[in-house]
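Chain A is the first sequence line, chain B the second, and so forth, proteins listed ahead of strands; every chain is numbered from 1.
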There are 2 protein chains.
Amino acid sequence: MRKMIRRPTHPGNIIKKDYLLPLSITIKDMAATLGVSRKTLSKIINERGAVTPHMALRLSRAFDTTPDFWLNLQKNFDLWQAKKESQEWEKVRPFPKNLLHHYNSTPNSEHIIQD
Amino acid sequence: MRKMIRRPTHPGNIIKKDYLLPLSITIKDMAATLGVSRKTLSKIINERGAVTPHMALRLSRAFDTTPDFWLNLQKNFDLWQAKKESQEWEKVRPFPKNLLHHYNSTPNSEHIIQD
DNA sequence: TAATATGTAACCCAAAAGGTTACATACGTC
DNA sequence: GACGTATGTAACCTTTTGGGTTACATATTA
């Protein structure tokens, strides 16, 4: 598993950098387009709110992306946050590996964009 | 984007099928190992609760997996749920595609396991 | 039979999403 | 300078949800 050293990019950052600014539209107008309140979008853009599944569906539609794109960004951010918040989970005693069927890691534990 | 026709596998299902049963341990004992209450684990296994980032970290440690493995399962499930709950997001009017920088879809919008 | 495991409900607390309203600030244009 | 708009943010409300404890009825097992 790839370590997350740096703070993952917050979805709000992408919205701002890659959509809001290039499109030269206001938060107010984008919120209206997305069908959410100005507050909801503002919170996300200012990284004080999370992209929920419902929000991801709206973003995917507006910006012709996948909902997973947004949810993955949020997931990586949340995971990084959780690790930072508490290390209690490190006290969990692993089951003996020889008793476990072995799943390998899934891709995109980081922000991956295919081209 | 790959359509999710069928209900995605709930993480609780994996815990039960691939860990609880093969290891022949009780929910009570597994909860103790994970350092959470019996109720918390029971809810997840009975698909009435979600795997949170903190829980994913515990599971990853106990079962030698990645937290992302669990969070991806949960994400796919949540997204499927959100789509089922409401189709309001389909009313969002897409921005004209010629104005948009184009991100392509991220991998594992479904439950993917590398071997 | 006795002990344990389990699902579940009740109850408590805390967090968080999302909405509305309101306000001070900043940045325009006229 | 004056007015309108955009924005961050706070306050307030509702609903949902995670997680813990306690309790209880029903399996399940030793």
Self-check item: Phosphate OP1/OP2 of dT6(C) contacted by Ser42(B) side-chain N/O (<4.0 Å)
Solution: no
Quiz item: Contact class for Lys39(A) vs. all strands (heavy atom < 4.0 Å): base, sugar-phosphate, or nothing?
Solution: base
Practice problem: Give me the ring orientation class for Phe63(B) and Trp70(B): parallel if the planes are under 30° apart, tilted from 30 to 60°, perpendicular past 60°. | Solution: tilted
Quiz item: At under 4.0 Å, does any side-chain N or O of Ser37(A) touch on OP1 or OP2 of dT20(C)?
Solution: no
Quiz prompt | Interatomic distance where CD1 belongs to Ile27(B) and P belongs to dT8(C) [whole Å] | solution = 10 Å
Quiz prompt | Side-chain N or O of Arg48(A) closer than 4.0 Å to phosphate OP1/OP2 of dG8(D) | solution = no
Self-check item: Separation of dT6(C) C1' from Leu20(B) CG (nearest whole Å)
Solution: 11 Å
Exercise. Using only side-chain N and O atoms of Lys43(B), determine if any of them is under 4.0 Å from OP1 or OP2 of dG18(D).
Key: yes
Self-check item: Separation of atom CD in Glu47(A) from atom P in dA17(C), rounded to whole Å
Solution: 13 Å
Quiz item: Counting any heavy atom closer than 4.0 Å, what does Arg38(B) reach on the DNA or RNA strands: base, sugar-phosphate only, or nothing?
Solution: base
Quiz item: Counting just side-chain N and O atoms, does Thr52(A) come under 4.0 Å of either OP1 or OP2 of dG18(C)?
Solution: yes
Quiz prompt | Side-chain N or O of Thr40(A) closer than 4.0 Å to phosphate OP1/OP2 of dG19(C) | solution = yes
Self-check item: Between dT21(C) (C1') and Lys28(A) (NZ): distance, integer Å
Solution: 15 Å
Quiz item: Roughly how many Å is it from CG in Leu41(A) to P in dG19(C), rounded to a whole number?
Solution: 10 Å
Self-check item: Whole-Å gap separating C1' (dG18(D)) and CG (Asp78(A))
Solution: 14 Å
